[in-house]
Amino acid sequence: MQINGPTNRPQPTVAVVGAGISGLTCARSLADHGLPVTVFEKSRGVGGRMVTRRSDNGAVFDHGAQYFTVRDQRFQNCVDSWQHAGLVQRWTGRIVSLCDQNKEQDKSATARFVACPGMNAICRHLAENLEVRTNTRVAAPSRCQDKWLVSDETGSEIGRYDVVVISAPAPQAAELLQGSLHLARRASSVKIAGCWALLVQFPARIDLACDGAFVHDSPLSWIARNSSKPGRNSDLETWILHASAHWTQGHLEEPPEAIREPLLGAFWDATGARATIPSYVVAHRWRYALPTEPLPDRYLFDRDANIGACGDWCSGPRVEGAFLSGAALAERLLALVE
Ligand SMILES: Cc1cc2nc3c(=O)[nH]c(=O)nc-3n(C[C@H](O)[C@H](O)[C@H](O)COP(=O)(O)OP(=O)(O)OC[C@H]3O[C@@H](n4cnc5c(N)ncnc54)[C@H](O)[C@@H]3O)c2cc1C
């Protein structure tokens, strides 16, 4: 089957909604095979949950994805090439599991990788030479004859495409997939846990014998010395604190100012380090952080309507799963065009 009829016709045009790693992996692969692709992203930059924020004094904070691991050979190959290009490095910081401040278990053996100089570097790399329209929040695409009509949130048309790929987190994807009700139903069945993140800079090094820790029995689930990751400025003592899904759920609608003190207090409690006044603290709410039960499918595709979806909520709630989901959907679309 051809998405666009006989093969001597122009290649089908594709709109990808979302410039996280799943959407950009899909878009990159399609574009590399000659398909005209446009990526729409509601934020001002690419990366999605692989995000990096820089403070005025040059401190770098990865407040979404912290690092990634590699299990699949296809992802491994890609990570190898990114490492070769200096885009990815192994994070060799000391990682522990903290049950209380006196008990810790070393977790450093796992190979953990980070993008450099910030976690968004991979998505920036994937987006190179792609048509990416940022600051564009897309509304649910609708059918108009044999095309998908894509509009922004004000209702202004921004293009017509043969194929649409939705790569937003599942609850947002469900709204965008109204043109295929059975895909919308699948997306809406996925639950996603939220996460409050605290971005903290201290005026001096915090005296702790670890660079990252999984935290238990605490409002926090994870803490990391961001400045210990390769490619970051190690002179600036920066930390990321992630609240647990349970704690976040109970505080989801609170203002950021109400989040800072409880999470900082939990940090001192969990680590036993001497409390210090931070020089920078910002709380960031991830309403949709991690899918609790992703779908078993690698991606979704409605063959009759030519609309599909990918993301970490299809098959794997991590960077690797999102990458593999985007890659698999691109492969399916390319097979239809050939
Ligand atoms: C706090 C936190 C910690 C994490 N830690 C790790 C970790 O340590 N290791 C790991 O492997 N993974 C981690 N993850 C998960 C990892 O970040 C995700 O699995 C992965 O980045 C998801 O990529 P994605 O492309 O599926 O989705 P996203 O990155 O969410 O990309 C979707 C994009 O769609 C855009 N979008 C949504 N709606 C619209 C619209 N209407 N119009 C236009 N654009 C739209 C969004 O702005 C976003 O950029 C973490 C996530 C969070 C939040």
Side-chain angles (χ1 to χ4, degrees), residues 15-27 38-52 61-71 75 79 91 95 110 112-115 119-120 122-123 126-127 132-141 150-153 158 164-178 187 190 192-199 212 214 220-222 224 226 229 240-245 248 283-291 294 299 309-327 329:
V16 174
V17 181
I21 191 163
S22 65
L24 286 172
T25 299
C26 183
T38 308
V39 181
F40 297 100
E41 169 56 53
K42 68 180 167 63
S43 311
R44 33 187 189 122
V46 303
R49 280 169 277 164
M50 291 182 79
V51 69
T52 305
F61 300 90
D62 304 307
H63 55 291
Q66 297 296 289
Y67 59 82
F68 56 88
T69 50
V70 184
R71 291 179 183 80
F75 189 49
V79 172
W91 180 25
I95 311 297
T110 306
R112 298 181 170 88
F113 298 91
V114 295
M119 285 301 277
N120 65 351
I122 292 175
C123 290
L126 291 169
V132 182
R133 295 199 210 159
T134 51
N135 295 313
T136 309
R137 184 189 287 266
V138 167
V150 178
S151 308
D152 65 16
E153 60 185 334
I158 47 180
V164 168
V165 168
I166 304 294
S167 75
Q172 294 165 331
E175 287 169 24
L176 292 164
L177 285 165
Q178 291 308 310
V190 179
I192 305 215
C195 176
W196 270 110
L198 212 61
L199 297 68
F214 300 96
L220 294 169
S221 61
W222 166 257
N226 208 72
K229 294 178 180 176
I240 297 292
L241 319 185
H242 280 167
S244 69
T248 299
H284 178 91
R285 178 181 57 196
W286 292 102
R287 190 176 283 282
Y288 306 122
L290 287 171
Y299 59 84
C310 58
D312 65 343
W313 50 278
C314 298
S315 86
R318 299 268 151 205
V319 169
E320 179 175 33
F323 168 90
L324 292 171
S325 176
L329 179 53

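Keep in mind that what you see is a predicted model, and the values were worked out from it rather than measured. First listed ligand is number 1; within each ligand, the first listed atom is number 1. Below, all heavy atoms of this structure are taken into account, side chains as well, without hydrogens, waters or symmetry copies.
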For A168 against A173, the heavy-atom pair lying closest together: O-CB, 3.6 Å
R137 N/O to ligand 1 N/O under 3.5 Å: no
Nearest-0.5 Å distance that lies between atom CZ in R318 and atom CG in L324: 14.0 Å
Subset of ligand 1 atoms that lie under 4.0 Å from at least one heavy atom of T136: 42 (N), 43 (C)
L176, portion touching ligand 1 at heavy-atom distance under 4.0 Å: side chain
Stepwise salt bridge (Lys or Arg N to Asp or Glu O under 4.0 Å) test for K229 and D62: CA-CA 10 Å; K229 294 178 180 176; D62 304 307; 3.3 Å; yes
Within-cut-off N or O pair, S22 and ligand 1, under 3.5 Å: yes
Top protein contact for atom 49 (O) of ligand 1, by heavy-atom distance: E41 OE1, 2.6 Å
Results of side chain to side chain contact (heavy atoms under 4.5 Å, CB included) for A65 - residues two or more places apart only: M50, M119, V319
Minimum heavy-atom distance between A193 and A245, given as atom pair plus value: CB-CB, 3.9 Å
Backbone of G23 reached by a side-chain donor or acceptor of T25 within 3.5 Å: no
Ligand 1 contact by S43, heavy-atom criterion under 4.0 angstrom: yes
Sub-3.5 Å N/O-N/O distance, H63 and ligand 1: no
Atom 26 (O) of ligand 1: nearest protein contact (heavy atom, Å): D312 N, 3.0 Å
Considering all heavy atoms, the nearest C314-A309 contact: SG-O, 4.3 Å
Taking atom 3 (C) of ligand 1 as the reference point, the nearest protein heavy atom with its distance: G64 O, 3.2 Å
Test item: N120 and V51 side chains (from C-beta on) under 4.5 Å apart, heavy atoms: no
For ligand 1, the portion of L290 having any non-hydrogen atom under 4.0 Å away: side chain
Polar atom proximity, I21 to ligand 1 (N or O, under 3.5 Å): yes
Criterion side-chain contact (heavy atoms from CB on, under 4.5 Å) on I122 and I21, from CA distance to verdict: CA-CA 8 Å; I122 292 175; I21 191 163; 4.0 Å; yes
Residue part near ligand 1, for H242, under 4.0 Å between non-hydrogen atoms: side chain
Which residues share a ring pair (Phe, Tyr, Trp, His ring centres under 6.0 Å) with W286, sequence neighbours left out: H63, H284
Location of contacts on Q172 toward ligand 1, heavy atoms closer than 4.0 Å: side chain
Chi angles and distances behind the side-chain contact (heavy atoms from CB on, under 4.5 Å) call for D312, R49: CA-CA 10 Å; D312 65 343; R49 280 169 277 164; 2.8 Å; yes
Heavy-atom pair with the smallest gap, counting every atom of E175 and A140: O-CB, 3.4 Å
Per atom 9 (N) of ligand 1, closest listed option by heavy atom (F40, Y67, F323, F68): Y67
Considering all heavy atoms, the nearest A115-F68 contact: N-CE2, 4.4 Å
Contact (N/O only, under 3.5 Å) between Y288 and ligand 1: no
Protein contact of atom 4 (C) of ligand 1 - nearest heavy atom, named by residue and atom, plus distance: A65 CA, 3.5 Å
Short side-chain to backbone donor-acceptor contact, S167 and V17, under 3.5 Å: yes
Contact (N/O only, under 3.5 Å) between P169 and ligand 1: no
Output field: ring centroids W222/Y67 closer than 6.0 Å: yes
Under 4.0 Å to a heavy atom of A289 - the qualifying atoms of ligand 1, by number: 51 (C), 53 (C)
Proximity flag V51 to ligand 1, non-hydrogen atoms under 4.0 Å: no
Region of C195 engaging ligand 1 - heavy atom pairs below 4.0 Å: side chain
Distance from atom 34 (O) of ligand 1 to nearest protein heavy atom, with residue and atom: G18 CA, 3.2 Å
Structural part of V138 in contact with ligand 1, heavy atom criterion under 4.0 angstrom: both
Aromatic F40 / basic R133 pairing, under 6.0 angstrom, 45° off normal: no
Closest approach of any protein heavy atom to atom 11 (O) of ligand 1, naming residue and atom: V319 N, 2.9 Å
Numbering as shown, the atoms of ligand 1 that approach M50 to under 4.0 Å (heavy-atom distance): 21 (O)
Nearest non-hydrogen protein atom, atom 39 (C) of ligand 1: K42 CD, 3.9 Å
Ligand-side contact atoms (ligand 1) for residue partner G311, heavy atom cut-off under 4.0 Å: 26 (O)
Closest protein heavy atom (residue, atom, distance) for atom 22 (C) of ligand 1: R49 NH2, 3.6 Å
